[in-house]
Each structure stands twice: as structure tokens, then as C-alpha cells.
Amino acid sequence: MLAESLVEGLNPEQRAAIECTEGPLLVLAGAGSGKTRVLTHRIAYLIGACGIPPEGILAVTFTNKAAGEMRGRVEKLLGPEAQGLWLSTFHSTCVRILRREIGQLGRERGFVIYDQSDALGVVKEAMRRHSLDPKTQDAKRLSWSIDQWKNAGWLPAEAAEKANDLDAEHSAEIYATYQKLLAEANALDFGDLLLLTVELFERYPDVLRHYQERWQYVMVDEYQDTNRVQYQLVQQLVGPHRNLCVVGDPDQSVYGWRGADIRNILDFERDFPDAQVVKLERNYRSTQRILAGADAVVDNNPDRPAKKMIAEGGEGDRIILYQARDERDEAAHVVRRILEGVKDGDRAYGQHAVFYRTNAQSRPVEEELLKYDVPYVVVGGVRFYDRAEVKDALSYLRLAQNPRDDMALRRIVNRPARGIGKTTIDRAAVLAQERTTSLLEGLRAYAEGSGGRVRAKVAEFLTLVNNLAEGLPHWEPADAISAVLDQTGYLRALEKEATPEAESRVENLRELIASAEDFEAANRGPEDEGRSLVELFLDQVALVSDLDSAEMRDDRVSLMTVHSAKGLEFPVVFVLGMEEGVFPHQGSMRDERAIEEERRLCYVAMTRAMEELTLVHALERRRFGTRTFGTVSRFLREVPQDLVEEIGAPVATRSWESEGRGYDYSYDQSAPEEGEASGSGAAVGGKVRHPVFGVGTIQAVMGRGPGQKLRIRFDHAGVKTVVVRYANLEPA
């Protein structure tokens, strides 16, 4: 009876995915097809109907938010029977494994987890050890390279072996120094959490066998977004039983820049020739026209698994294509439509979302929303745990827990100001390096050999850190944070400032205490294995990602990049900047694989819309401080004509090309204004080279002077109209 209730109300494909419990299973879950429901019901089915103990199941997803939602649903279906289930992110899973097993690798289980800014600080220190100045060299680029190597599963030796030039060899040497500095600080970065777990399993088969035997069923959500080291980890864990269920959608693989490898899901049937495949093609979110338009765009990508989404909610309205004069007109149209929707009483502000490819595009929209007092929230801004005052408080806890945490020490040694300056820290760092010890010990040694004032200031600081370390084992997380704020004088210093900014920081610190109290109430359990709640709280804070920070409200319009929109849905969606070089992004123009990912990103943007979708492009746009003429995005040209309604500024005459897809622009010739130059010398039939579109032949010359435009048929990019003064054309 329980088994039947767990599949009740599901469609046949969803039910098939749930009831297929043994062996490898690939679930191709299209946008809005109810994949979370399938995952949670499948877990509940394994436990409630098949009798699998919860601790025998490992379910992995990509965000803490998604993991929490899934856990709540499983508990609602099963109640107490769900206790013991491992349902978390890849990184959280690896932290729990390493806390138990990292001693096998000669490391200490009390390691601290460095976030991106901490890791960048270590990269800069590694560069200095190699006589490179982080102020003149690109530290962020090197940090990104190290992260990519870790995503690929490469330790420093392998990165050096695969280096193909002197620059790559030198970067691999800095990578080795970076890893050495992390080990000295008893710290791991995000990449290490995965990389060291894979290394652990490779070097110690008995440890791997323990987890293979424990987790007889492995499930992975968002499999299209896994990178190489995550792929290796999954392959290790499924081991002999091969009970692996992966759920994902190749059309929504949009994190290649973070190391995601779409081949992992495309090659699943090669890895498991006996795999069963279930396609979820019924969409419960969007209208059919929206789905058909999104499908038509992404269908231009090669190697795409055959999948056709069918909307359960009917045909719906046409997709609006709005042609704006410029970014101001673009913003005005969006805000006007939002106000109309709210005024008519059909919509709340929170039912509207505005998407853009890059954060810089939000400014005109924000200014227009402010003009009309429309409440809004920018999703994906500074994370709560990245705010300076929050990081300061947590850094005190980190240093008290791990005295070797040099990054935490550098951050808080003079916050609030206590007279310990950069010169003191730099000299302490030299001593620490000479003696192969921590910066804290270097600071102690330097103070002992210094004058009275420096010695007194440092001694006072060292006493403070020692007092916090002694109190840490006895405090709950909220008490520990309160003690930090009190004993350091941090809160008193902010209250003394008495400025609006200081008041906002005080509020954030109070919210930090509240979040610690919430953690205390929800996170004590049998899996703690003797670790304090403060340690567990610091782990959770470190593992919160930017993908967990989305804050939507019913009373506010949501503004966000398309990447931030993944996994969300809104009744009304506006996608801005649908021009070549904006969306698709300029950085992808020379790489076909990057264009394919941009196309998938467009698919994601379109399929967030439930009822109304508007795609906007501007004829002109200010970018990088100059005004440029926009060429309509190829993605708009891929949307079938019968699905759209065209509206917009009467600047150009628009007509659909003969095949019924895409724009062709023709502009009226305009006489030059007084004082303008007569022209560029361009002639019909001439050959030119464009930095993005390549070689083309001029078909028409329109106007003269600075506003002169050329219609050019490019050999590979088709017909484009460009403004001569912005196009950077060269004779071909």
C-alpha cells in the first residue's frame, strides 16, 4: 500500500524512473518536468517500499538549498524513517568523509575550509615566494587556473607534466607552493575537498570499500553540471553494485567556465551500456509557445539528445520580441510593462523577473525602477557570509579553532584598530617563514624582540586569541560569536561610529547570531562524532555557495544574471541585451563550444518563464564607456516567426528572412549633419574584415559621416548591419 501511495499522481515516465531501482539509470529531465519530485519520491520509494535503510543511500545535489528542500520533502513522505539519509552537496559529503579519514593522507582532521577570497590570498603569497608581485601579475587568473586543474583532478605534479609552455610550467610550480602553504595552515580550499577525497579512495582501497558497502544506492542530481573530479568520485563510489541514478538535462549545462563537463551526461550510456534511460518530457511550468521557442534555439546545438518538451499548461501567449532604441528605452519598456501588470491587479511585483547576461546591465533597469518607486531585489549580490563584518567575526572563530590559519589572522589582527600595522605583520611573516611556523607564532617571536609599545599591543592581541581558544569548546555557536564581538570590542567600535553604515553592519552581526541559533536548533545529531557545534557551524558557513544566496520576495521585482536564474521560475520574465557580443557574450564568439553553452544559457533563461516571456534587444548600447551599434542576437533569429509578436522602437524596418526565422534590417539613408565628414570611402562590393564576424562583402552603404552604416554579407556569420565608426573594420 505504501509503495502505491509513493507513485500516486505521477505521470508514467516519472513512475518508471522511481520504480527502476536496480542498476544504472539515466533520467533526462527537461525544464519544469518535476525532477525534484522524482528524486524525492525515488528516495522515499527505496526506503519505504524496498526496505533499503536510509544510511544505505547517498543522494547528492549541487546546492545546500536544493539539498534542504529535498530532505524536507523526503521527511514529509516518510517521517522519522528518513533519519540517517546522506542527502547533501558534493562538497558537504566530502567534508564529512575527510573529517573522518584525512589522517590517512597525513593531514589533521581539524582543517579549516578556505573560501575564494582566502584562497586568493594564499595564491598571492605563493607568487611572492616565487618573486612575483601580485600587484603587477594576474593573481586572479592564476587562482582560476589552479581551480580548473583541481576540477580536472590534477595535483601539482600532473599539472606540471601536462604543461605545454614555460608559463604553464611556472604556474604549476606556484600551484605546488600554494598547496604547501595550505597544508602549513591546515587548510583546504573547495577544490581540495573533492580532489583529496578522490586521492584518498585511490590510495586506500579499504577506505573506499567501506563507503561502497555503506552506500548501496547512489543518486546524483544536476549531473550535467559535474566536473571531471566529481565524475571520478561518482565512478569510485558506485563500485560493484552499480546502483547509480543520475538526473539531469544536457540542455541546461551552463557551468563550463566552472569546469563542468557536459560529456559526463552525454557519455553516460557509454560508461554504462546496460543503463536504462527515462525521458521526462512533460513540462508543468511554461506554456507551449515558450517551450517551443526555447527548444528551437537549443536545437541548433549538435550532439543534443532527442527530447521534445510538451507543456501541460496549454499554448499560451506569443513570445514578445521588443526592439529598443538603447538601454534606456530597454529599461523603460520593462518597467512600464511591470507597472501595467501590477496596476491591472493581475500581478504582484514578485511575479516579475529581469534577466541579463552580465551584472553591468542592471544599472539602467535599477535607475528606472527607482524612478517609479518600484521595489526590487538584485539576486546574487554580495553573499551574507561575504560581508566584511560577518567575515571578521567568523575569522576570529577560525583563528581560535586553528592557530595556523594565517589568512584569518591577517584579516582580523587590526580589526578593530589596535595599533598592529602592516610593517609588524610583514616582519612577523618573514620570521614565520624562516622558522617554518605559523604567522601567529611569527608574530609572537617578533614581539618578544621588539620595543615596549609593539610588544604590549601584540601581547594584548595574543591574550585575546588565547582566551577565545580556551572558551571555544564550551560555547554554542551563538555564544561564541557574542563572545567574539564583546571581547574584541568589535561591536562597541561600530556602535561608537553611529553612522547608517555602522548600524547596518550591527544588524548584519545580529543576523549572524540569529543564524547560529537556528543552526544550533537544527544540527545536533548522531553523526557529529565528537566535533563541537562551533566547528560544524563553521563548516556549514564555508560551504554556502553563491548558488544558495538567491533571495526572492513576493513584494519585489527580481533582477539577476541568467546563471543566477537557474532552478527558478517566474510568471513573467524579461531577458535583456539579446545582441551579438552581449548575449551570446563577447568572450564566446571565437569558440563554438562556448557558443553552444551560451545557447543552453538562453534556453535556461527562456524556460524560467511560466506565462509571459519578453526578449529585448537594443539598436544601440553604451558598453565599456562607448556607444556601440548592436547586431541582433543569433538566438533571436533562431526563434520561429509564428511564435512571436514584434513590438518596439520605429527606428528600423524589420522583416523576417525567407526561411521564416531571423531578422534582416534595412535602414533609411540619412544626409550628413552640418560639420560631419562625407564618408568612409567604403564601396559596394568591397571586401572588409570584422574582428568578430570575419571577412565579408559590402552590400549597401547607408548615410554618411559618423553615423554611416554598412550592410555586409559575412562569409560565416551571414548578413550584418554595422556602424562604421564602431565596427573596427579593416580592408580584406
Side-chain angles (χ1 to χ4, degrees), residues 64-65 115-118 120-121 349-350 353-354 359-400 407-408 410-418 464 468 475-521 534 537-538 540-561 564:
N64 295 288
K65 185 177 180 181
D115 65 14
Q116 195 171 20
S117 63
D118 295 324
L120 181 60
Y349 285 122
V354 183
N359 283 304
Q361 293 171 252
S362 74
R363 183 182 58 81
V365 183
E366 290 189 65
E367 290 175 355
E368 193 73 11
L369 289 166
L370 288 169
K371 184 193 301 184
Y372 291 96
D373 293 323
V374 176
Y376 70 92
V377 59
V378 178
V379 177
V382 178
R383 296 187 309 141
F384 176 76
Y385 293 111
D386 280 343
R387 292 168 184 168
E389 61 278 4
V390 173
K391 286 204 71 171
D392 289 348
L394 294 173
S395 292
Y396 273 107
L397 289 185
R398 279 172 39 186
L399 184 61
M407 289 299 110
R410 287 181 181 275
R411 182 176 186 90
I412 51 84
V413 69
N414 206 36
R415 295 189 189 182
R418 52 174 58 92
L464 168 65
L468 292 174
W475 291 326
E476 302 283 79
D479 294 333
I481 296 167
S482 297
V484 162
L485 298 178
D486 178 47
Q487 293 185 29
T488 63
Y490 198 103
L491 203 57
R492 288 191 298 277
L494 287 176
E495 290 170 343
K496 188 176 180 180
E497 281 185 38
T499 63
E501 182 183 0
E503 289 175 8
S504 175
R505 292 184 173 185
V506 170
E507 287 301 315
N508 287 335
L509 291 170
R510 288 174 179 156
E511 180 61 28
L512 176 63
I513 293 172
S515 73
E517 290 171 344
D518 291 342
F519 179 86
E520 293 166 16
V534 172
F537 178 67
L538 288 173
Q540 173 175 285
V541 168
L543 294 171
V544 172
S545 74
D546 56 339
L547 301 178
D548 292 311
S549 60
E551 180 191 352
M552 270 67 63
R553 289 176 51 175
D554 292 340
D555 61 344
R556 297 176 184 270
V557 176
S558 292
L559 276 60
M560 68 191 78
T561 65
S564 296

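Everything numeric here is computed off the predicted structure, so don't read it as measured data.
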So, for Asp392 and Arg415, which heavy atoms are closest and what is the spacing to 0.1 Å?
-> OD1-NH1, 2.9 Å

Return all side-chain donor-acceptor pairs below 3.5 angstrom for residues 495-503, not counting sequence neighbours, or 'none' if the list is empty.
{"from": "Thr499", "atom 1": "OG1", "to": "Ala502", "atom 2": "N", "distance (Å)": "3.1"}
{"from": "Glu501", "atom 1": "OE2", "to": "Arg505", "atom 2": "NH2", "distance (Å)": "3.1"}

Interatomic distance, Gln540 atom CD to Ser515 atom OG [nearest 0.5 angstrom] | 8.0 Å

Donor-acceptor contact below 3.5 Å, side chain Tyr349 vs main chain Val374 | no

Quick one: pull up CG in Leu512 and CG in Leu394 and give me the separation to the nearest 0.5 Å.
-> 5.0 Å

Given side chains that start at C-beta, do those of Val354 and Leu369 come closer than 4.5 Å, heavy atoms only?
-> no

Kindly write out the residues that satisfy side chain to side chain donor-acceptor pair (under 3.5 Å) with Ser362, not counting sequence neighbours, or none if the list is empty.
-> Glu366

CZ (Arg410) and CG (Leu399) are apart, to the nearest 0.5 Å, by 12.5 Å

With sequence neighbours left out, write down each residue that passes side chain to side chain contact (heavy atoms under 4.5 Å, CB included) with Asn508, or none if nothing qualifies.
-> Phe384, Arg387, Glu389, Val390, Ser504

Distance, nearest 0.5 Å, that separates OG of Ser117 from CG of Asp386 | 6.5 Å

Among all residues two or more places apart in sequence or in another chain, which pass the side chain to side chain donor-acceptor pair (under 3.5 Å) test with Gln116?
-> none

Could you walk me through whether Val365 and Val557 pass the side chain to side chain contact (heavy atoms under 4.5 Å, CB included) check?
-> CA-CA 11 Å; Val365 183; Val557 176; over 6 Å; no

Please confirm whether the backbone N or O of Glu520 pairs with a side-chain atom of Glu476, one donor and one acceptor, at under 3.5 Å?
-> no

Euclidean distance, Arg411 CZ relative to Asp118 CG, rounded to 0.5 Å | 8.0 Å

Would you say the side chain of Asp486 lies within less than 4.5 Å of the side chain of Arg492, judging by non-hydrogen atoms?
-> yes

Check against side chain to side chain contact (heavy atoms under 4.5 Å, CB included), Tyr376 and Leu370 | CA-CA 9 Å; Tyr376 70 92; Leu370 288 169; 4.0 Å; yes

Interatomic distance, OG1@Thr561 vs CD@Gln361, rounded to 0.5 Å, equals 10.0 Å

Could I get the full list of ring-ring contact (aromatic ring centres under 6.0 Å, His included) partners for Phe537, not counting sequence neighbours?
-> Phe519

Would you please name every residue forming a side chain to side chain contact (heavy atoms under 4.5 Å, CB included) with Ala483, sequence neighbours left out?
-> Trp475, Gln487

Non-hydrogen atoms of Ala478 and Ile513 that approach each other most closely | CB-O, 3.9 Å

